[in-house]
Amino acid sequence: MLNTKGKWKRIQKTMGGICLIGVLAINGMQMAPVSAAAKPSLSTKKVTISIGKQVKSNFTIKNKVKGAKYTFTTSNKKVLKVSSKGILTGVKAGTAKVTVKQKYKKKVTKVGVVRVTVKKASAVSKTTKTYTYERGKIAVKLSDYVNNPSPDAKYQLVSDNKNIAANVTLQAKKDYVGEISLKEAGTVTYSVNETYKKKTRTICKFKITVKGASFNKKAFEAQYKTVDTDVVIHPMDYMQYMTKEDSITFESSNEDVLVVEGENVTTVEDGEAILTVYNGKKILATISIKVAYVKVTGVKTSKTKINIYTGETDEECIQTFTIETVPSGAKLTNVQVSVLNEDICSVNFYPEDENVVEVIGEAEGTTNLIVSNVEGDTLKTIPITVINAMDTPITGVKTSTDKLLVNMDEEETVFYFEVLPNYGYANNCSIEVEDNTICDATMERDEENFGKGWVYVSGFNFGTTNIFIKNENDDVKATVPVVVADTGYKAPTSVTISPKNTGNTDDEDGYSLKNSGGKYILTIQEGYSAEVIYKVTTGKAEYTMVVNGNEEVCDVQFSGDEKEGTIEVIPYDLGTSIIEIKNFDGTVLKTITVNVIEQKEEE
């Protein structure tokens, strides 16, 4: 007899496989393809390095196989060396290839090849550049002068005039940054030298011109070659490249014409005089000055239009501006200032008090301020508007802060506010605190600008509230959120829902809390309540607040201590609500969706 027992078993297995494939085909099921793991590869195919050992690897192997070993070989050891970890060392300028192989389970495969170009350090510019500085310390960095510096080389800036500036060594560990002290005026040439393997070469050179204290005679003469009497000149404004070591003084050749008083020079009477500028005993400049009448042909004013807003006191109705003559050598006392309608505003001019013009509002209206010379020529017209700010409706309020942290250990915390339009009256505003058990607030108007003011806030109890700034119609024009906390206040940045939150909607718990992709869903039956416990990672749990989105669906009670907070949820009606856990800065840290469902009948 033939032994068919083993053969029949093989037939059974084959038939079973065929049947299974048939069943899968009948049910419309398909076998999911198995995706192959990503093959190891190199992060780049080309690399440029400098001569010397590189600080870190210039390329990486992506998708490494765990347990595999990788080798690195160079095609030209005279140009490039490579370590067992893939660290490159440039030997000399040229190109070479690094081949990377993988050995895994006795099988060796090629990962890839990187083409490496080795460059020696070279000059950024082929021409010698010149830089100009005043005396003092300046920062220098090698990358401004040298491309591809070697990490194994030493670089030094060698000075040809150490009286002006000394040598400077630039180190790789400090990103090749150094500091040069420019001690005196003159020109110094620096050679940028590289020392590599005891051989030194000059890569490039640059020059630094150091400026000493000097007087801008050309600019001064353009303004004061001819000057009227009783004019104060400030020659220090024309000094350049000064340091604290300099001692600048001035001398007049004829004090009947020109008087020197410290840093100021005043013209006295018609005539000519020589003004000499000294730095110590060194003469920097000599300028011939003619003192004679100079006609005022124009003026420069610090304001081109003036708005004056009347209030309760005269001080609030004043605007000031300054005048400068054109040319500068003309006398300011030869300028006249007036207004066309003195019923609307009056004017005071103080030419000997910092060139100040004072305009005082008298009544609502518009007029023009006229600036003229003694010859009667109109030099400038400035429009003036006088407005009664007390009767101006406030349309908005700007505050110096979007939110306020009040420390209970401090007496008061202050922020600034400004009404809109800017000629409004701050005293027409009022302050209201949403919860005055947490803090109190008072307002004080800025006496120098009655459209602005301060709000002083004192904290009583830890918590959060809002300060409302209202206009004269009791409309809220600005809201400032306030957090009152203690000295150690630190806003929590994140919370985690504790694993203690268990429950089953169908059993005696009557609720369940589930995490779906970082989103928490609380399902709760009517007639039951639930507790959600969370922990803070920074700050304290009591520094958080819980906001219930729909109070008709559920009520929320919150308590917190150092690190843990508890939310009790009591359902009212079927529906959905969103609970947000926030810090007192207003940042939402976690969101919980509450679904209230019908109470299930007991079987």
Side-chain angles (χ1 to χ4, degrees), residues 303-321 359-361 363-366 383-408 410-485 489 491 545 547 580 582-588:
K303 291 184 180 180
T304 57
K305 63 179 180 179
I306 296 174
N307 293 326
I308 305 176
Y309 314 112
T310 61
E312 294 176 341
T313 64
D314 289 340
E315 286 76 12
E316 296 168 346
C317 307
I318 297 174
Q319 288 282 329
T320 61
F321 66 94
V359 184
I360 305 170
E364 286 189 88
T366 59
I384 297 175
T385 302
V386 180
I387 302 167
N388 189 342
M390 295 180 66
D391 296 336
T392 301
I394 296 173
T395 58
V397 175
K398 295 190 296 184
T399 59
S400 60
T401 182
D402 294 329
K403 56 187 176 183
L404 192 69
L405 174 62
V406 177
N407 195 324
M408 288 188 289
E410 297 177 359
E411 291 186 0
E412 289 177 319
T413 303
V414 184
F415 68 89
Y416 202 61
F417 74 93
E418 178 180 351
V419 301
L420 299 174
N422 57 9
Y423 49 82
Y425 194 53
N427 269 11
N428 288 341
C429 291
S430 60
I431 299 292
E432 181 181 326
V433 179
E434 186 177 36
D435 186 347
N436 54 20
T437 65
I438 294 175
C439 69
D440 185 28
T442 57
M443 185 190 78
E444 179 182 326
R445 193 189 67 205
D446 184 348
E447 293 295 338
E448 295 183 0
N449 191 326
F450 56 87
K452 298 180 180 180
W454 294 273
V455 176
Y456 297 85
V457 185
S458 300
F460 302 140
N461 297 301
F462 177 81
T464 181
T465 186
N466 291 306
I467 292 177
F468 303 117
I469 303 179
K470 299 181 177 182
N471 66 6
E472 62 278 351
N473 296 324
D474 209 34
D475 299 325
V476 176
K477 293 301 177 182
T479 302
V480 178
V482 178
V483 178
V484 178
Y489 175 77
M545 54 185 174
V547 179
E580 291 179 332
K582 297 182 176 182
N583 63 21
F584 281 113
D585 290 341
T587 304
V588 178

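Each residue takes its place number in the sequence, starting with 1.
Considering every non-hydrogen atom in both Lys452 and Arg445, the closest pair reads O-CG, 3.6 Å. The minimum heavy-atom distance linking Cys429 with Ile394 is given by the pair SG-CD1, 3.5 Å. For the residue pair Thr464 and Met545, the shortest heavy atom distance occurs at CG2-SD, 3.6 Å. Between Pro421 and Thr392, the shortest heavy-atom distance links the atoms CG-CG2, 3.8 Å. The minimum heavy-atom distance linking Phe417 with Trp454 is given by the pair CE2-N, 3.7 Å. The two atoms that bring Val484 and Gly459 nearest to each other are CG1-CA, 3.8 Å, heavy atoms only.
Under the side chain to side chain contact (heavy atoms under 4.5 Å, CB included) rule, Pro481 has a single partner from Leu405, Asn466, Ile467, Thr401, which is Asn466.
In this structure a side-chain-to-backbone donor-acceptor pair under 3.5 Å is present from Thr465 to Asp435. Using a distance-only test at 3.5 Å, with no hydrogens or angles considered, no donor-acceptor pair links the side chain of Asn471 to the main chain of Lys477.
Partners of Phe460 by ring-ring contact (aromatic ring centres under 6.0 Å, His included), not counting sequence neighbours: none found.
Here the CG atom belonging to Asn307 is positioned 5.0 Å from the OG1 atom belonging to Thr385, to the nearest 0.5 angstrom. Atom CZ of Phe462 and atom CE of Met408 lie 7.5 Å apart (nearest 0.5 Å). Note that the OG1 atom of Thr366 and the CD atom of Glu364 stand 11.0 Å from one another [nearest 0.5 Å]. The OG1 atom of Thr479 lies 15.0 Å from the NZ atom of Lys403; values are rounded to the nearest 0.5 Å. Distance check: Met443 CE to Ser430 OG gives 8.0 Å after rounding to the nearest 0.5 Å. A distance of 11.0 Å separates CZ of Phe415 from CG of Asp402, quoted to the nearest 0.5 Å.
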Going through the checks in order, is the side chain to side chain contact (heavy atoms under 4.5 Å, CB included) test met by Val406 and Cys439? CA-CA 9 Å; Val406 177; Cys439 69; 5.7 Å; no
Ile431/Ile469 under side chain to side chain contact (heavy atoms under 4.5 Å, CB included): CA gap, chis, key distance, verdict: CA-CA 5 Å; Ile431 299 292; Ile469 303 179; 3.7 Å; yes
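Contact check for Asn407 versus Tyr489: no side-chain heavy atoms found under the 4.5 Å cut-off. At least one side-chain heavy atom of Val359 sits less than 4.5 Å from a side-chain heavy atom of Ile384.
Around atom NZ of Lys303, more than 12 heavy atoms belonging to other residues, nucleotides or ligands sit under 6.0 Å away. For CG of Asn473, the number of neighbouring non-hydrogen atoms (other residues, nucleotides, ligands) closer than 6.0 Å is greater than 12.
With hydrogens and angles left out, the side-chain atoms of Glu472 and Asn428 include no donor and acceptor closer than 3.5 Å.
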